[in-house]
Amino acid sequence: MKKLSFNFIIVTVLTLTVNISLIVFTVLQINSTDALQQSWDGTATIKVVNAIELAELERNFGYVGFIHHFKNYIIRRDPAFFDLAERRYVKSKASLAQLQNTLIGTNSNQHINIILETLELYYQKLLYARDNQHLDIAELDERVKVDDSRAQMALETLRLEVLPKLKALKSQTALTTKQINQRNIILLTILLPILLISSLFTLKLLRKEYRSSRQLNTILNLSPDGILYIDEHGKIIRSNESASSILGYSAEELSEMTVEQLVPEQLRAEHKNSRMQFMSKNQSLSMEQRHKNLLCKTKDRGEIEVAISLANKLIGKHFHTVCMIKDKTVHKQLTIEATTDHLTGLLNRRAFDSALEIELQQCSHRQQPLSLILIDLDNFKLVNDEYGHEMGDKALVFLANFLKSHSRQYDHIVRWGGDEFILICPNLGPKDSLQFAQRLRKQFFNDESKWPEHQTLSIGIHTSLADENLSPKRLLSGADKALFLAKEQGKNCVKHYKDSLQTVYVHPKANND
């Protein structure tokens, strides 16, 4: 118990170390990211917007925008060019207004005002041209001339002012990012080994504790006797599977009970006093030495006769008791019931697993084949539906007795469930198993004493050859697939899983002689 507590403390400390390291690293990452984001949001957005607005101004005002459409209108007098020029004029004014709001500095405003004055002059000339269309092109062109050289120089100056700042910001952001990355690398270099070492130690200790716990559970559950672990107050702390089987309570239910609740009511007070005396020191005791007929109260079976052994030990500051329970009254009966189908008297599925495993091992050792024959009573549901379940049980009992009388002495006959039966046939290869199954099918079909008279069998077979050594799961799966094929192809027939073997198929209406 001391060792367990020490390991638990180590695991806890290492886990906290890992968590704290992760939290520190995460906080630093968040702070770094926030700093970079603030740096970008604070200046980059405005610079990018200014660059975009400046490019938009050049496109709307320059020789591909307003001026271009202005010239076309003067030459061609087409109203469409006037409309285009006017739209570009409006957009240019909007861009200039945006730049005036975002660009800081006296020089920037001076350049913007020069461009705005030139734009307004152009627009006045455009209106003059619209109102004086009687003038010829040469005269009109002379009267609307505008000197836009100062505006072009102002645009160029603004471009040189905005773009270098954007490049400088990009360089600054790249430098900040590099610094953050370098710091993160240093932190990772320090934290990563700590994280790895802590994780490895934690996993190693947890694995060790898990193995110890698993081994303890395995040891407890391997015992055929019920085991209860009881604290100083008589509360059940732990139990094994056999205890649940004997007492009828689940492990969760037992963990909420005291040991006195398992004692007949008239004996509980006496039992509590005896238990407290027994738990006062380290000792062991077989209760059969004192009481020949010990009774234990179960959940579903009333009171049963048991044999009990006790061992008491001081663990930490308190005594704990291990109680071992053996069911004396129904031990044999439980063994029979655990392996026998109550309706037919055949082996049940639990017995099937053990019998098949043993027979496969023996056949593998002797280098002999083993066939698994899965038998299904055709249309059994219709029998239940038409005659009732009582008569259906009668049909199942008849088939069980039929298989007993027509199988070999060393074959294992199992009721698999419902209307399905299994024959485990040692030393029976594919060909012999097919012949044997066909003989069973025909004899059952021709048996006039069966009820209902029209009842037939569908049979699926799978064989584990001497050199194959198939697992029980594969053997059963193959027989099940073969039975499905027999059902699918008309019932009342035999099918083998092996594709290389010829499967005999007989329709229910065919001649069965």
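Using cut-offs of 30° and 60° for the angle between ring planes, the Phe66 and Tyr89 rings count as tilted. Between His320 and Tyr229, the ring-plane angle classifies as parallel under the 30° and 60° cut-offs.
A distance of 8.5 Å separates CG of Leu370 from NE2 of His412, quoted to the nearest 0.5 Å. Here Arg474 contributes atom CZ and Asn469 contributes atom CG; the two are 10.0 Å apart, rounded to the nearest 0.5 Å. To the nearest 0.5 Å, atoms NE2 (His69) and CD (Glu86) are separated by 12.5 Å. To the nearest 0.5 Å, atom CD1 of residue Ile358 and atom CD of residue Gln362 are 7.0 Å apart. Here the CG atom belonging to Asn109 is positioned 11.0 Å from the CG atom belonging to Leu116, to the nearest 0.5 angstrom. Note that CG of Leu262 and CD1 of Ile325 are 6.5 Å apart. Values are rounded to the nearest 0.5 Å.
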### Message
Is there a side chain to side chain contact (heavy atoms under 4.5 Å, CB included) between Met257 and Leu228? Walk through the geometry before answering.
### Response
CA-CA 11 Å; Met257 299 171 62; Leu228 301 178; over 6 Å; no
### Task
Tell me, with the steps shown, if Arg77 and Ile137 meet side chain to side chain contact (heavy atoms under 4.5 Å, CB included).
CA-CA 9 Å; Arg77 308 288 179 93; Ile137 294 175; 4.2 Å; yes
#### Entry: side chain to side chain contact (heavy atoms under 4.5 Å, CB included) between Leu475 and Lys473, intermediate numbers included
CA-CA 5 Å; Leu475 196 59; Lys473 184 176 180 180; over 6 Å; no
### Query
Are Asn282 and Phe319 close enough, and set up right, to give a side chain to side chain contact (heavy atoms under 4.5 Å, CB included), and what steps lead you there?
CA-CA 8 Å; Asn282 291 332; Phe319 283 98; 3.3 Å; yes
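Taking the side chain as every heavy atom from C-beta outward, Tyr128 and Leu140 approach each other to under 4.5 Å. When side chains are defined from C-beta on, Val414 does not count as touching Asn348, because their heavy atoms never get closer than 4.5 Å. Contact check for Gln110 versus Thr157: no side-chain heavy atoms found under the 4.5 Å cut-off. Within the 4.5 Å cutoff, the side chain of Leu254 has heavy atoms near those of the Ser244 side chain. Counting heavy atoms from C-beta outward, Phe352 and Leu372 have side chains that approach closer than 4.5 Å. Looking at heavy atoms from C-beta onward, Arg87 lies in side-chain contact with Asp83 at the 4.5 angstrom threshold. Between Val259 and Thr321, the closest side-chain pair of non-hydrogen atoms is not below 4.5 Å. The closest side-chain heavy-atom distance from Phe421 to Asp341 is not below 4.5 Å.
For Phe484, the CZ atom counts as loosely surrounded, since its 6.0 Å shell holds 12 or fewer non-hydrogen atoms of other residues, nucleotides or ligands. The number of heavy-atom neighbours closer than 6.0 Å to NZ of Lys487, taken from other residues, nucleotides and ligands shown, is above 12. Within 6.0 Å of the NZ atom in Lys235, the count of heavy atoms belonging to other residues, nucleotides or ligands exceeds 12. Other residues, nucleotides and ligands contribute over 12 non-hydrogen atoms within 6.0 Å of the NZ atom of Lys299.
Electrostatic pairing of Asp378 and Lys491 does not count as a salt bridge here, judged by no charged N lying under 4.0 Å from a carboxylate O.
Ala129 and Val144 get closest at one heavy-atom pair: CB-CG1, 4.4 Å. For the residue pair Gly392 and Val383, the shortest heavy atom distance occurs at CA-CG1, 4.2 Å. Closest non-hydrogen pair, Ile246 versus Gly226, comes out as CD1-N, 3.7 Å. Smallest separation of non-hydrogen atoms from Glu253 and Gly248: OE1-O, 4.3 Å. Counting all heavy atoms, side chain and backbone alike, Ala85 lies closest to Phe70 at CB-N, 4.1 Å. For the pair Ile115 and Leu96, the tightest heavy-atom approach, listed with the atom from each and the gap, is CG2-CD2, 3.9 Å.
Not a single salt bridge (charged side-chain N to carboxylate O under 4.0 Å, His left out) links Glu256 to another residue, sequence neighbours left out.
Not a single donor-acceptor pair under 3.5 Å links the side chain of Glu139 to the backbone N or O of Asp136. Distance alone, capped at 3.5 Å, places no donor-acceptor pair between the Arg349 side chain and the Gly417 backbone. Judged by distance alone, with hydrogens and angles left aside, the side-chain atoms of Ser364 form no donor-acceptor pair with the main-chain N or O of Leu360 at under 3.5 Å. In this structure, Arg88 contributes its side chain and Arg59 its backbone to a donor-acceptor pair below 3.5 Å. The backbone N or O of Gln133 lies less than 3.5 Å from no partner atom in the side chain of Arg130, so there is not a single donor-acceptor pair. Judged purely by atom type and a 3.5 angstrom limit, Ser354 has no side-chain atom pairing as donor or acceptor with the backbone of Arg350. Here the side chain of Asn240 pairs a donor or acceptor atom with the backbone of Asp225 at under 3.5 angstrom.
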Check: residues 459-466 side-chain donor-acceptor pairs under 3.5 Å, at least two apart:
| residue | atom | partner | partner atom | Å |
| --- | --- | --- | --- | --- |
| Thr463 | OG1 | Ser371 | OG | 2.8 |
| Thr463 | OG1 | His496 | NE2 | 2.9 |
| Ser464 | OG | Leu470 | N | 3.1 |

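Evaluation of the salt bridge (Lys or Arg N to Asp or Glu O under 4.0 Å) test over residues 355-370, restricted to residues two or more places apart or in two chains, returns none.
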